[in-house]
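Here is the structure we will look at.
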Amino acid sequence: MRFVLSSKIFRATVTEANLEYQGSITIDSDLIEKAGLWVGEKVLIVSNTSGARLETYVIPGKAGSGTICMNGAAAHLIKKDEIVIIMGFELSDRPIKAKIVFVDENNKCIKQA
């Protein structure tokens, strides 16, 4: 069994960083669905802007809002307007095809692979 990439939201723009929230990343519910992520799922976030990498869990944001919000301590590492890649992984005994969602500067899906 290996952990393999199962979901990716590619080059999303962080719309907010909220230090006061208890933790996690808020993601537009439409993007959660398109990427095949689950609410509460552990994800790896990589900032193309700063190089920061962190793990947290998904909470749903308003559908169609384009929300990508770093919450709690994660907001110290990844700030508003940074470009990020959000990745989910699955434990599998064989290769799987990841769902990849490409977004525009407003975090609207422009392509799925």
Positive for side-chain hydrogen bond (donor to acceptor under 3.5 Å, both in side chains) with T26, one of T15, N71, T67: N71

Give a yes or no on whether E20 atom CD has more than 12 heavy-atom contacts from other residues, nucleotides or ligands under 6.0 Å away. no

Within this structure, what is the CD1-CD distance for the pair I83 and E105, rounded to the nearest 0.5 Å? 9.5 Å

When you compare the side chain of V84 with that of N48, does any pair of heavy atoms fall below 4.5 Å? no

Please report the closest heavy-atom contact between I9 and A35, naming both atoms and the distance. CG1-CB, 3.9 Å

Is there side-chain contact between T13 and I68, with at least one heavy-atom pair below 4.5 Å? no

Of I86, I59, L37, the residue whose pairing with I32 passes side-chain contact (heavy atoms from CB on, under 4.5 Å): L37

Qualifying residue for side-chain contact (heavy atoms from CB on, under 4.5 Å) with L54, from L77, V43, I25: L77

CD1 of I96 to CZ of R2: how many Å apart, nearest 0.5 Å? 13.0 Å

Taking every heavy atom of T56 against every heavy atom of S24, the minimum-distance pair comes out as OG1-CA, 2.9 Å

Is it the case that more than 12 heavy atoms not belonging to K108 sit under 6.0 Å from its NZ atom? yes

Any side-chain to backbone donor/acceptor pair from S65 onto K62? Under 3.5 Å, distance only. yes

Between the main-chain N or O of G61 and the side-chain N or O of S29, is there a donor-acceptor pair closer than 3.5 Å? yes

Output for pair (Q112 CD, K99 NZ), nearest 0.5 Å, gives 8.0 Å

Which distance, rounded to the nearest 0.5 Å, do you find between the CE of M70 and the NE2 of H76? 12.0 Å

Does S47 reach the main-chain N or O of S50 with its side chain, forming a donor-acceptor pair under 3.5 Å? yes

When every non-hydrogen atom of I27 is compared with those of L31, the smallest separation belongs to CG2-CB, 3.9 Å

Would you list the pairs meeting salt bridge (charged side-chain N to carboxylate O under 4.0 Å, His left out) in which at least one residue belongs to residues 80-94, sequence neighbours left out? none

Got a sec, which hydrophobics cluster with M87, joining ILVMFWY side chains under 4.5 Å apart, including via others? L5, F10, L44, V46, I85, F89, I100, F102, I110

For A98, is there any backbone N or O sitting under 3.5 Å from a side-chain donor or acceptor partner on S6? no

Residues 27-52 vs salt bridge (charged side-chain N to carboxylate O under 4.0 Å, His left out), sequence neighbours excluded, gives K42-E55

